[in-house]
Amino acid sequence: MSVLLELAVPLILAFVGLHAVVSGTDVFPALCRGAAQGLITLKDMLPTLIVLFPAVYMLRASGALDALSELLEPVMAYIGVPPETVPLALVRPLSGGAATAVAAEIIKSSGADSLAGRTAAVMIGSSETTFYVIAVYFGAAKIKNTRHAIPAALLADLAAFLLSARVCRMFWG
């Protein structure tokens, strides 16, 4: 099996090259067109990403995220969500890197086999960085009006967080 995995990329490249020869495609101009289209897409997405990353950093650095976490902890504990995972639920829709750091901290402080650690792992695996994804995909598609996409995605994130806590409590709680 490991030999097949090691050969996967060379086999894919060989298949693409063979297909290009058989179909008569000139590979270099096709690669150049693809690179040009990628740069155009990057140009469209970059302004949104430049605004999104500092905004997430300022939210974390200002202490607003911690204050909101402390405010929500009693409510979340009442409905069965481990209070340690509240910061993860708040930061996950904003930043994947920050969410990974928060999840790592939860696992480090609570333990990997604790309810909070397992819930954090399930939460991070079952949710998405909503604002990043919307910024990237809507920016690439040049969609200015997100309409119901953000509320629907945030509702899906909330469902993922609550169900993650529920499932983990059923199995390990």
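No hydrogens, no waters, no symmetry mates; every other heavy atom, side chains included, goes into these values. We count residues from 1, following the sequence as given. Because the structure is predicted, anything quoted here is derived from the model rather than measured.
- The cluster map of Ile, Leu, Val, Met, Phe, Trp and Tyr, joined by side-chain heavy atoms under 4.5 Å apart, puts Met170 and Trp172 in different clusters.
- A pairwise comparison of heavy atoms in Ser164 and Val122 identifies OG-CG1, 3.5 Å as the closest pair.
- Across Ala77 and Pro83, no two heavy atoms sit closer than the pair CB-CG, 3.8 Å.
- Judged by distance alone, the side chain of Ser95 and the main-chain N or O of Ala98 form a donor-acceptor pair under 3.5 Å.
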>> Test side-chain contact (heavy atoms from CB on, under 4.5 Å) on Leu154 and Leu158; report intermediate values, then the result.
In response: CA-CA 6 Å; Leu154 290 175; Leu158 178 63; over 6 Å; no

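- There is no path of hydrophobic side-chain contacts, each under 4.5 Å, that joins Val27 to Phe15.
- Distance check: Phe131 CZ to Asp157 CG gives 8.5 Å after rounding to the nearest 0.5 Å.
- Of all heavy-atom pairs spanning Leu90 and Leu94, the tightest one is O-CD1, 3.9 Å.
- No continuous path of hydrophobic side-chain contacts links Val86 to Leu115 [ILVMFWY only; heavy atoms under 4.5 Å].
- Minimum interatomic distance between Ala30 and Thr25 (heavy atoms only, all atoms of both residues): CB-CG2, 4.4 Å.
- The heavy-atom pair separating Ser127 from Ala160 by the smallest distance is CB-CB, 4.2 Å.
- At a threshold of 4.5 Å between non-hydrogen side-chain atoms, the residues Arg92 and Phe161 count as touching.
- A donor-acceptor contact closer than 3.5 angstrom is absent between the side chains of Thr119 and Thr85.
- Annotation: the span from Met123 atom CE to Leu162 atom CG amounts to 7.5 Å, rounded to 0.5 Å.
- With a 4.5 Å cut-off on side-chain heavy atoms, Leu88 and Ile106 count as touching.
- Sorted by first and then second residue, the salt bridge (Lys or Arg N to Asp or Glu O under 4.0 Å) pairs with a member in residues 7-28 form an empty list; sequence neighbours excluded.
- The 12-atom threshold is not exceeded at CZ of Arg166, counting heavy atoms of other residues, nucleotides or ligands nearer than 6.0 Å.
- In this structure, Glu73 CD and Glu70 CD are separated by 6.5 Å, a value rounded to the nearest 0.5 Å.
- Interatomic distance, Thr146 OG1 to Ile134 CD1, rounded to the nearest 0.5 Å: 6.0 Å.
- Distance check, rounded to the nearest 0.5 Å: CD1 of Ile124 to CD1 of Ile107 gives 8.0 Å.
- Listed by first and then second residue, the salt bridge (Lys or Arg N to Asp or Glu O under 4.0 Å) pairs that reach into residues 93-113 are Asp113-Arg118, sequence neighbours excluded.
- Closest approach of Thr130 and Ala153 over heavy atoms only: CG2-CB, 3.3 Å.
- Each of Val21 and Leu11 belongs to its own hydrophobic cluster when Ile, Leu, Val, Met, Phe, Trp and Tyr are linked at side-chain heavy-atom distances under 4.5 angstrom.
- Residues Leu68 and Val75 are members of separate hydrophobic clusters, defined by side-chain heavy-atom contacts under 4.5 angstrom among Ile, Leu, Val, Met, Phe, Trp and Tyr.
- Lys142 pairs by the salt bridge (charged side-chain N to carboxylate O under 4.0 Å, His left out) definition with Asp44, not counting sequence neighbours.
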